[in-house]
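Remarks on the structure that follows.
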There are 2 protein chains.
Amino acid sequence: MNVMNASPRRKELTRLAAQLFVQEGFDRTTVRMLAQEMGIKSGSLFHHFKDKQEILAAVIEEGTQNALGIAKAALQSCPGSAEARLHAMARAHLETLFADRNAHVVALFEWRRLDPAASAHLSHLRDAYEAMWGEVIDDALAEGLIHGDRFLVSRFILGALNWTVRWYDPNGPRTPDDLADELVAMILSR
Amino acid sequence: MNVMNASPRRKELTRLAAQLFVQEGFDRTTVRMLAQEMGIKSGSLFHHFKDKQEILAAVIEEGTQNALGIAKAALQSCPGSAEARLHAMARAHLETLFADRNAHVVALFEWRRLDPAASAHLSHLRDAYEAMWGEVIDDALAEGLIHGDRFLVSRFILGALNWTVRWYDPNGPRTPDDLADELVAMILSR
DNA sequence: GTCTATAGCGGGATAGAC
DNA sequence: GTCTATCCCGCTATAGAC
């Protein structure tokens with residue numbers, strides 16, 4: 001069962017689960033579908049995960065951790081300008097949604113399906129990610145690049161980014177980076 | 001069964017269904033839960049609706065129609081200024097999400113659960129609503145109030161508004177109108 | 001670590017009386 | 001228009017062999 005481990009096998013299964021959860025939604029994804037995608041029978045799944053909930057928790061943990069890691073990397077390889085950091089965060093966010101793919105989408109859209117215990121256990125991760133955004137936005141406000149309420153600006157920006165999952169076509173003419181840049185341009189004071 | 005009717009009874013049941021769909025999500029809402037909320041037994045439900053899908057379609061149709069109606073009313077009782085119309089649309093949108101309540105939220109968040117036939121039948125309604133937004137945004141762009149790509153600006157604004165469902169607390173200090181005004185302020189060119 | 005087999009439950013939907 | 005009763009199905013999860 002390996003409750004708290006991160007064996008390569010479990011990692012791989014988590015990746016496949018994320019894909020199905022995005023396509024079908026958590027509730028409509030059955031353990032039989034998951035097993036088939038993984039090339040095993042449904043009974044075997046429960047050797048790796050205690051129950052379906054634990055699969056969701058694993059996906060969401062990975063998705064949030066990825067987002068955190070990619071955002072940190074983006075900020076480090078980034079000049080000091082607050083405007084550049086804003087761009088970097090927006091690009092990183094969309095990168096986790098459309099390139100790294102799936103797990104972060106599940107974290108954002110299926111969070112409510114977590115049971116209270118898992119939600120409590122993972123909320124510090126989500127909070128850490130949002131805190132990074134908070135800092136970047138604070139700096140941008142302080143420099144007068146954008147204006148408005150710290151909290152609301154954060155929510156609106158993340159909302160605009162998250163909702164791209166519902167309409168953006170990665171095979172269309174625009175890249176995720178185009179989207180990120182356009183969003184930042186839209187809110188910059190001129 | 002009354003497939004295409006809008007009897008007061010059916011209207012009332014649709015309203016109750018919308019509430020449960022928002023609280024639990026469509027997939028996790030059972031016909032037994034719906035029936036209990038309506039004060040009848042689950043078997044009786046199918047006298048009013050052919051199946052569970054039809055309940056969803058009824059909720060989404062009502063939610064989109066409401067949004068359309070409220071937005072139209074907001075624009076009509078509104079001076080010609082593009083900025084005022086932008087405010088009016090944002091306020092109207094949040095009003096349907098948090099005051100009128102529930103049905104429009106379902107339309108936005110459970111659209112993918114519609115079967116293809118229902119989706120095709122209802123998409124013209126959604127398109128009409130989005131077209132209203134498109135016009136108001138075109139005017140704002142033409143007047144130089146905001147800047148950016150017509151399509152992307154629309155998507156970003158609606159995304160920011162829609163995502164409020166996930167974090168906004170109507171019992172907190174801010175009113176929906178506060179949110180609408182802050183969002184518009186955030187994107188206005190200064 | 002995977003299999004087969006199946007328990008046990010709860011879901012959507014139907015039939016026919018009232 | 002609502003009830004009771006129930007069918008049938010598919011779901012999650014378990015048990016034990018290999």
Side-chain angles (χ1 to χ4, degrees), chain A residues 1-60 106 110 112-119, chain B residues 1-60 106 110 112-119:
Chain A
M1 184 187 311
N2 293 325
V3 175
M4 268 302 143
N5 94 358
S7 68
R9 182 72 171 136
R10 186 172 151 127
K11 263 265 181 184
E12 168 69 0
L13 299 181
T14 302
R15 212 181 54 77
L16 292 168
Q19 189 184 335
L20 271 176
F21 289 166
V22 169
Q23 278 172 28
E24 303 290 330
F26 173 71
D27 292 324
R28 294 169 73 91
T29 302
T30 69
V31 294
R32 288 176 173 89
M33 294 165 68
L34 289 164
Q36 182 164 34
E37 197 77 8
M38 297 165 180
I40 56 180
K41 300 296 179 183
S42 67
S44 310
L45 239 185
F46 297 93
H47 179 75
H48 302 279
F49 301 93
K50 169 170 138 284
D51 54 22
K52 199 185 164 192
Q53 261 292 319
E54 197 180 277
I55 307 179
L56 178 63
V59 171
I60 289 185
V106 176
E110 306 284 2
R112 296 188 333 152
R113 303 275 80 100
L114 284 173
D115 64 35
S119 174
Chain B
M1 190 186 308
N2 292 325
V3 173
M4 269 302 143
N5 94 358
S7 67
R9 181 71 172 139
R10 186 172 152 126
K11 264 265 182 182
E12 168 70 0
L13 299 181
T14 302
R15 213 181 54 77
L16 292 168
Q19 190 185 334
L20 271 176
F21 289 166
V22 169
Q23 278 171 30
E24 304 289 329
F26 174 70
D27 292 324
R28 296 170 72 89
T29 302
T30 68
V31 294
R32 287 172 173 85
M33 291 164 69
L34 288 164
Q36 182 165 34
E37 197 75 10
M38 297 166 180
I40 57 180
K41 301 296 179 183
S42 68
S44 309
L45 239 185
F46 296 93
H47 178 76
H48 302 279
F49 301 92
K50 168 171 140 283
D51 54 21
K52 199 185 164 192
Q53 261 294 319
E54 196 178 280
I55 307 179
L56 178 63
V59 170
I60 289 185
V106 175
E110 308 282 3
R112 296 186 333 152
R113 302 278 80 101
L114 285 173
D115 64 36
S119 176

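Below, chains carry the letters A, B, ... as their sequence lines are ordered, and counting in each starts from 1. Being a predicted model, the structure only gives us computed values, none of them experimental.
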For D:dG1 and B:His47 - does any side-chain N or O of the residue sit under 4.0 Å from the phosphate oxygens OP1/OP2? yes
Using whole Å, report how far CZ of A:Arg10 lies from P of C:dT2. 14 Å
I'd like to know if the side chain of B:Glu37 and the backbone of B:Leu16 have a donor-acceptor N/O pair within less than 3.5 Å. no
Going by the side-chain contact (heavy atoms from CB on, under 4.5 Å) test, name the single residue among A:Arg10, A:Lys11, A:Arg9 that passes it with A:Leu13. A:Arg9
Measure CE/B:Met38 against P/D:dG1 and give the value in whole Å, please. 14 Å
Take atom CG of A:Asp51 and atom P of C:dG8, then tell me their distance rounded to the nearest Å. 19 Å
Side-chain atoms of B:Ile40 come closest, of D:dT12, D:dC3, C:dA13, to D:dC3
D:dT14 C1' sits how many Å from A:Lys52 NZ, rounded? 17 Å
Look at the side-chain N and O atoms of A:Ser44 and state whether any lies under 4.0 Å from the OP1 or OP2 oxygen of C:dC3. yes
Determine whether a donor-acceptor pair (N or O, by modelled atom type, separation under 3.5 Å) exists between the side chain of B:Ser119 and the backbone of B:Asp115. no
Partner of B:Asp27 by salt bridge (charged side-chain N to carboxylate O under 4.0 Å, His left out), out of B:Lys52, B:Arg112, B:Arg113: B:Arg113
Round to a whole Å and report the spacing from CZ of B:Phe49 to P of C:dG12. 14 Å
Quick check for you: among C:dT2, D:dA13, C:dA13, whose closest atom lies nearest to any side-chain atom of A:Arg9? C:dT2
With heavy atoms under 4.0 Å as the rule, sort A:Lys41 into base, sugar-phosphate or nothing. base
Round to the nearest Å and state the distance from B:Gln36 atom CD to C:dG11 atom P. 12 Å
Let me know, please, whether A:Gly43 or A:Thr30 comes out on the 5' side of the other along DNA chain D by nearest nucleotide. A:Thr30
Would you mind reading off the distance between B:Phe26 atom CZ and C:dG11 atom C1', rounded to a whole angstrom? 12 Å
If I take atom CG in residue B:Asp27 and atom P in nucleotide D:dC11, what distance separates them, rounded to the nearest angstrom? 12 Å
Among C:dT2, D:dT2, D:dT12, which nucleotide sits nearest the side chain of A:Phe46? D:dT12
Quick check on DNA chain D: between A:Ser42 and B:Leu13, whose nearest nucleotide comes earlier from the 5' end? B:Leu13
Decide yes or no, distance alone: a donor-acceptor N/O pair under 3.5 angstrom between the base of D:dG10 and the side-chain of A:Arg32. no
Verdict with supporting geometry, A:Arg15 and A:Glu12, salt bridge (Lys or Arg N to Asp or Glu O under 4.0 Å): CA-CA 5 Å; A:Arg15 212 181 54 77; A:Glu12 168 69 0; 3.4 Å; yes
